[in-house]
Amino acid sequence: MLATACGLLGAGLVLLAVAVGTATPAWAHVLLLELFPLLTLVGVLLLLYELVLHRWLVQEIARIAGPGMVGNMLPQDVLRTFLDSIYGENAANHDVVSGVLGGEGVRPGGEGLTISTHTTVELEASAINHDTYHLTSTVSYSFKTPVADDKFVIFATCDPLLRDSIIAGCRLPLCDLWYVGDPDLFHESIEDMLPSVNIGMSYTDESGTPTTAELERIKPTDVKFERWTDYLTFFREPMSTMPRQNPRRHLNSLRIFECDLSGLASADHMVSTIERLTVQVTTLQPVDEGFLYWQSPYPCYVDRISLKATDLSTRDRVFEFRMMPFTFRSNTDSTRWLPAHELEDLDVQSWLLPGHGVVLVWRETRK
């Protein structure tokens, strides 16, 4: 457009020069003089628009309409569009979107993201005998937007492909992921974990009154494989680079359980929305494996991670420990081996994405 404006101005000047400096018929002379101001005016207006008005209009439209348009778009659409504009359209961009936003990015009904803005993690290891110990994990989530759902779902798997795909394929707002690395111990380990599930929550009842339900033993219900398609997208259709999965092929590597959180409310209350959820689970682990870990199952802002191992040592085996966080940042010295009583909480104060977390390794104290 700038070239057009300059061209019109140049044409106006040429017409003026022709009209003034050459012998032309009277009618042509008048026509040239009439066209000169018109072309010059149009050229000046186009030049003014290109140099001043265009930039100002674009800025004003972006300022006024931009936030409203972005605000009405689904978060995953905004991020996917942004990534495509930088890296080009690529199926791998879906993995980044899922890693940052978690799952499909929308709760049923399109109400928005289930994001924990304050998360605390407590891991405690207690020896049972010379060879085994109990690992108790207590994780508390506080949600940015109260969750209008009273169903909590547990996905348990020993398949690495499912482990890395479940959160991306799940549209349920409240869920957890258990991973057992040894397929031979999968069902035995899950059956051992189920009786240890304790859940507490802060919720509002039907009248909007805030109420707290302390940690309480809850019995998860096994979801039959015929209903798995209701819980995971990739059992209904292809998901990114993952082809549609047949539930029957995962009968030995996946189990799904659901918990009715409304049962935690007092008899005269109904759960309207959940603002905070605490999940506690105990698992049986081998001492000689030499490490324990926690990974974020979905995006959440973690305040701190607490690791307690004072009860892991026995009379004939005393251990020293080393904390190794894999997060964006952490305030700990991971190069030192410490006795259990010197382990300090990991002050994270950062967002963690799936794959982020902390490992605690140990070895017998050298004498």
For [X], what residues pass the side-chain contact (heavy atoms from CB on, under 4.5 Å) criterion, not counting sequence neighbours?
X      : result
Pro339 : His341, Glu342
Glu188 : Leu185
Gln295 : Tyr293, Phe326
Ser140 : Thr120, Arg276, Thr278

Determine yes or no for a side-chain-to-main-chain donor-acceptor pair under 3.5 angstrom, with [X] supplying the side chain and [Y] the backbone.
X      : Y      : answer
Asn198 : Arg217 : yes
Ser313 : Phe319 : yes
Thr233 : Gly169 : yes

4.5 Å side-chain heavy-atom contact, [X] and [Y]:
X      : Y      : result
Trp337 : Arg363 : yes
Met324 : Val361 : yes
Met323 : Leu346 : yes

Exercise for the section: Report yes or no: is the cationic atom of Arg322 (NZ for Lys, CZ for Arg) under 6.0 Å from the centre of the six-membered ring of Trp362, at an angle within 45° of the ring normal? Expected result: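 Judged by the rule (NZ or CZ under 6.0 Å from the ring centre, within 45° of its axis), Arg322 is not positioned above Trp362.
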[Y] and [X] side chains, donor-acceptor separation under 3.5 Å:
X      : Y      : result
Thr138 : Glu122 : no
Asp159 : Thr157 : no
Thr283 : Gln285 : yes

Exercise for the section: Give a yes or no on whether Glu344 atom CD has more than 12 heavy-atom contacts from other residues, nucleotides or ligands under 6.0 Å away. Expected result: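 Incorrect, the count does not exceed 12.
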Practice task
May I ask whether Leu251 and Leu162 are part of the same hydrophobic cluster, defined by side-chain heavy atoms of I, L, V, M, F, W, Y residues being less than 4.5 angstrom apart, directly or through others?
Solution key: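 Yes, it is one cluster - the side chains of Leu251 and Leu162 are joined through contacts under 4.5 Å.
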Handout entry: Cluster check Met201, Leu215: I/L/V/M/F/W/Y, side chain < 4.5 angstrom
Key =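 No, no single cluster joins them.
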Practice task
Assign the ring pair Phe257 / Trp178 to parallel, tilted or perpendicular, where the plane angle (0 to 90°) is split at 30° and 60°.
Solution key: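 Tilted.
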Handout entry: ILVMFWY cluster membership beyond Leu284 - transitive side-chain contacts under 4.5 angstrom
Key =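 Ile128, which link up through side-chain heavy atoms under 4.5 Å apart, make up the rest of the cluster.
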Problem - Salt-bridge contact Lys308-Asp345 (side-chain N to carboxylate O under 4.0 Å) - result: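 No, Lys308 and Asp345 are not salt-bridged.
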Handout entry: Glu258 bridged to Lys151 by N-O distance under 4.0 Å
Key =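 Yes.
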Would you be so kind as to tabulate the donor-acceptor pairs closer than 3.5 Å made by side chains of residues 219-228, with sequence neighbours excluded?
| unit_1 | atom_1 | unit_2 | atom_2 | d |
| --- | --- | --- | --- | --- |
| Asp222 | OD2 | Arg255 | NH2 | 3.0 |
| Arg227 | NH2 | Tyr231 | OH | 2.8 |
| Trp228 | NE1 | Val223 | O | 3.1 |

